[in-house]
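Here the structure comes first, spelled out in structure tokens, and everything after it is commentary.
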Amino acid sequence: KQEVTQIPAALSVPEGENLVLNCSFTDSAIYNLQWFRQDPGKGLTSLLLIQSSQREQTSGRLNASLDKSSGRSTLYIAASQPGDSATYLCARRGGGSNYKLTFGKGTLLTVNP
Amino acid sequence: EAGVTQFPSHSVIEKGQTVTLRCDPISGHDNLYWYRRVMGKEIKFLLHFVKESKQDESGMPNNRFLAERTGGTYSTLKVQPAELEDSGVYFCASSQDWPSEAFFGQGTRLTVV
């Protein structure tokens, strides 16, 4: 059973396009949801953290939303640039004392110049 | 401020040997986590320390894996004896209690041959 699903698995867009990455999760008992970026051979860079009481968070050209009732989060990237090319991962943290993050498999984004 | 650091960045060992991975969390972060990504799979939780205590080790695959965090500072993850299926990237992360944003290290790429 896959608890966190990311769609699409891969996405290729021309530079300048706005795009949306999707993340869905099966358990609505969520404490927070975190979006990460991973460059090839590198670690994970935290992009945005949305607490369960929040609906969205913004950082620069990035906007992440959270809809607990439907079990969905989206990451919106405005005016994409070639430097945005990376794998984007979402991870949910469960409620209570369960601190562990459950990850999706990620979306591989390629922004073409 | 230094981020989460992991040593070594790469390790190639033969089946049956022992390997020890090290993680230095962000200073002041009581929560320390180990995760692993094996080829083609999503990143999966291994265990969670709060200071020097194991809060959750439900993700540890078997008793060949031993994690320690003496003194509540850095942590080690030992694999003994290593098997081929242990190959993958081992990530360490740390967080404060609130807002519980997890910060990841660069990972250790382990190859068992």
Side-chain angles (χ1 to χ4, degrees), chain A residues 1-7 9-10 21 23-27 29-54 57 59 62 64 66 73 86-108, chain B residues 2-10 21 23-26 29-51 53-60 67 88-111:
Chain A
K1 165 181 104 166
Q2 191 162 350
E3 297 180 32
V4 178
T5 304
Q6 291 188 246
I7 294 173
L21 307 180
C23 173
S24 61
F25 44 93
T26 54
D27 186 352
I30 183 173
Y31 184 82
N32 63 39
L33 188 134
Q34 198 166 352
W35 282 92
F36 295 90
R37 166 188 175 136
Q38 185 176 24
D39 293 281
K42 304 289 186 181
L44 306 181
T45 300
S46 179
L47 297 173
L48 289 164
L49 172 74
I50 311 177
Q51 301 294 348
S52 61
S53 58
Q54 299 172 322
Q57 282 286 339
S59 176
L62 305 180
L66 175 64
S73 176
T87 296
Y88 290 80
L89 298 155
C90 73
R92 70 171 268 281
R93 187 199 138 181
S97 60
N98 184 353
Y99 275 50
K100 69 181 181 184
L101 292 173
T102 302
F103 282 85
K105 286 190 175 182
T107 294
L108 175 61
Chain B
V4 178
T5 54
Q6 294 186 244
F7 305 96
S9 56
H10 294 85
L21 314 180
C23 168
D24 287 73
I26 292 173
H29 283 192
D30 287 340
N31 296 286
L32 185 150
Y33 318 82
W34 284 97
Y35 290 84
R36 175 174 77 167
R37 186 171 201 166
V38 297
M39 185 72 73
K41 301 285 189 179
E42 63 271 25
I43 297 171
K44 289 195 173 179
F45 169 83
L46 296 178
L47 89 161
H48 169 209
F49 282 101
V50 176
K51 296 184 180 178
S53 300
K54 292 176 185 175
Q55 177 77 9
D56 180 355
E57 51 184 329
S58 62
M60 295 288 263
V89 182
Y90 289 76
F91 291 103
C92 175
S94 70
S95 73
Q96 295 175 317
D97 270 349
W98 179 263
S100 175
E101 182 175 6
F103 295 90
F104 279 71
Q106 297 290 87
T108 294
R109 180 172 297 277
L110 175 65
T111 304

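In what follows, every chain begins at residue 1, and chains take the letters A, B, ... in the order their sequences are listed. Note that the structure is predicted; figures quoted are calculated from it, not measured.
Of the possible polar contacts, one joining the B:Y35 side chain to the A:L101 backbone as a donor-acceptor pair under 3.5 Å is found. Using a distance-only test at 3.5 Å, with no hydrogens or angles considered, no donor-acceptor pair links the side chain of B:E42 to the main chain of A:G106.
Heavy atoms from other residues, nucleotides or ligands lying under 6.0 Å from NZ of A:K42 number 12 at most.
The two atoms that bring A:S46 and B:E101 nearest to each other are OG-OE2, 2.6 Å, heavy atoms only. A pairwise comparison of heavy atoms in A:G43 and B:Q106 identifies N-OE1, 3.5 Å as the closest pair. For A:F103 against B:I43, the heavy-atom pair with the smallest separation is CB-O, 3.6 Å.
Here CZ of A:R93 is found 7.5 Å from OG of B:S95. Values are rounded to the nearest 0.5 Å. Distance CZ/B:F103 to CZ/A:F36: 9.0 Å, rounded to 0.5 Å.
Interface residue B:S58: only side-chain heavy atoms are found under 4.5 Å from chain A.
Counting only heavy atoms from C-beta outward, the side chains of B:R37 and A:L44 never approach each other to under 4.5 Å. With a 4.5 Å cut-off on side-chain heavy atoms, B:N31 and A:Y99 count as touching. By the 4.5 Å heavy-atom criterion applied to side chains, B:F91 and A:Q38 are counted as neighbours.
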